[in-house]
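Below: one structure, written as structure tokens.
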Number of protein chains: 2
Amino acid sequence: MNQVAPRKTSANRAKVEAKILRAAEKVFAQKGFSGSSMDAVADQAGLSKQLLIYYFPSKEFLYHSVLRNMIDIWIEKMTFVDDPNASPAEIIEAYIRQKIELSRDYPNGSKVFAHEIINGAPVLKDYLLDHLKPQFEKDIQLINKWIENGQIRPIDPEHLFFTIWASTQTYADFSTQIQLLLGKPKLDQKDFDRASDFLCHFVLNALGAQK
Amino acid sequence: MNQVAPRKTSANRAKVEAKILRAAEKVFAQKGFSGSSMDAVADQAGLSKQLLIYYFPSKEFLYHSVLRNMIDIWIEKMTFVDDPNASPAEIIEAYIRQKIELSRDYPNGSKVFAHEIINGAPVLKDYLLDHLKPQFEKDIQLINKWIENGQIRPIDPEHLFFTIWASTQTYADFSTQIQLLLGKPKLDQKDFDRASDFLCHFVLNALGAQK
DNA sequence: GTCTATAGTAGGATAGAC
DNA sequence: GTCTATCCTACTATAGAC
């Protein structure tokens with residue numbers, strides 16, 4: 001037998017690993033990869049550094065695991081769901097709202113990505129090229145089709161995406177600054193709703209897209 | 001005499017300090033405070049670690065110096081220049097263009113701030129409260145006045161600022177991602193011009209502000 | 001002002017008892 | 001699976017020669 005009591009063991013392992021990944025996400029979110037220590041992750045997860053290393057043999061492996069854990073859902077929310085029955089306004093509004101929800105639900109994941117990108121995307125570069133870029137180019141084409149059809153104003157589609165990404169992710173990455181200026185200890189559901197409503201109106205007005 | 005050859009000495013010191021600050025800005029931009037080492041800064045500046053410590057006795061002091069060096073120009077560009085003769089459209093267009101210029105001219109400074117804010121602004125918090133917040137609130141009032149006067153559409157002024165900040169700073173902080181998706185090794189002047197033009201049109205259309 | 005040497009500590013990782 | 005002990009490297013910082 002390779003393992004003692006494999007069933008119980010692996011169930012427990014999954015639970016501990018999940019706890020560690022949540023802790024690591026939080027620590028990496030604050031300081032990025034090189035700024036974070038295994039000690040800090042262990043503390044956050046409530047176990048010893050040695051035990052942490054038992055589950056995740058190296059810091060690099062832990063970091064990769066955190067990224068892997070988030071990357072697919074992340075890229076999925078960065079690309080359109082092309083519903084042929086929906087109007088441009090409907091597609092864009094749904095897109096903005098789901099991006100804000102992502103910032104609300106995964107603020108730490110967002111910050112980990114922010115660190116990774118600011119750092120030059122040393123780990124994610126290839127993955128972004130292989131998975132995000134093709135989708136991005138498809139979405140650009142869809143927007144260009146809308147422009148040709150006169151459904152929205154002629155604008156630079158690439159920069160439209162950069163603006164939507166930046167202004168939705170800022171509610172996760174720069175929440176400290178936003179809290180400070182709004183005089184709130186924490187952003188609540190109402191703040192995210194206001195952000196969504198503002199951005200949807202703002203972008204649809206800018207595009208001249210009618211619902 | 002306190003110093004030997006004070007004139008030459010202090011002139012040289014200023015030059016070396018400037019070189020170190022540029023190097024430190026670059027290193028801190030990539031990894032943030034805790035992720036950066038004095039060794040890396042020394043390497044980047046082209047001098048020994050010991051000599052670096054002679055000029056900047058501690059890493060904290062160096063980091064504070066880098067921030068102090070940028071913070072005033074930074075906050076200045078985050079607030080309106082209230083020209084009573086200018087129209088809302090003119091004020092906002094000038095504002096967006098100068099924010100994009102800031103991202104172009106000080107990408108490392110922008111990234112250092114990004115790290116600091118993502119981290120919870122441990123160093124800058126008080127400064128932002130004392131210096132940015134009052135200006136922010138004044139600018140909000142001005143926008144509300146424009147809305148009352150029917151010069152722009154009624155929108156959430158706070159979130160307008162968050163959107164403009166995010167979508168201008170993204171060209172510094174997330175330049176890696178933008179380069180990747182545009183298929184460019186580096187953003188050039190044309191890219192920044194396109195970004196400015198896009199954002200000005202976009203925001204003015206969204207606000208319904210006529211030039 | 002610049003160098004060598006080194007102290008002191010924190011961090012990543014391993015070995016081995018239980 | 002969990003713990004103690006420990007190795008080794010990298011890091012911040014100091015002391016002191018020149």
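Lettering of chains follows the sequences in order, A, B, ..., and the numbering in each one begins at 1. Source: prediction; values computed, not measured.
Nucleic acid contact for B/Phe61: none, since no nucleic acid atom lies under 4.0 Å from a heavy atom of the residue.
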Full working for side chain to side chain donor-acceptor pair (under 3.5 Å) between A/Ser110 and A/Asp173: CA-CA 6 Å; A/Ser110 182; A/Asp173 303 342; 2.7 Å; yes
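Under the 30°/60° scheme for interplanar angles, the aromatic rings of A/Trp165 and A/Phe136 are found to be tilted.
Contact check, B/Tyr54 against D/dT14: no side-chain N or O comes under 4.0 Å of OP1 or OP2.
Rounded to whole angstrom, the span from the CG atom of A/Asn12 across to the C1' atom of D/dT2 amounts to 11 Å. Here the P atom of nucleotide D/dT2 and the NZ atom of A/Lys15 are 11 Å apart, to the nearest Å. Summarising the geometry, the separation between CD on A/Glu17 and P on D/dT2 is reported as 12 Å, rounded to the nearest angstrom. For the pair A/Arg13 CZ and D/dT2 C1', the computed distance is 13 Å after rounding to whole Å. The CG-C1' distance, from B/Asp43 to D/dA10, rounds to 13 Å in whole Å.
Counted by atom type alone, A/Asp72 and A/Tyr127 present one or more donor-acceptor pairs between their side chains at under 3.5 Å.
For residues 17-36 of chain B, the set of pairs meeting the side chain to side chain donor-acceptor pair (under 3.5 Å) definition, not counting sequence neighbours, comprises B/Arg13-B/Glu17.
Residues that satisfy the salt bridge (Lys or Arg N to Asp or Glu O under 4.0 Å) test with A/Asp197, not counting sequence neighbours, are A/Arg97.
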Taking only nitrogen or oxygen atoms into account, show me every contact under 3.5 Å that the protein makes with nucleotides 11-15 of chain C, one pair per line with its distance.
unit_1	atom_1	unit_2	atom_2	d
C/dG12	OP1	A/Ser36	O	3.4
C/dG12	OP1	A/Met38	N	3.2
C/dG12	OP1	A/Lys59	NZ	3.3
C/dG12	OP2	A/Met38	N	2.7
C/dG12	N7	A/Lys49	NZ	2.8
C/dA13	OP2	A/Lys59	N	2.9

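Cation-pi geometry between B/Lys59 and B/Phe33 is met: under 6.0 angstrom from the ring centre, within 45 degrees of the axis.
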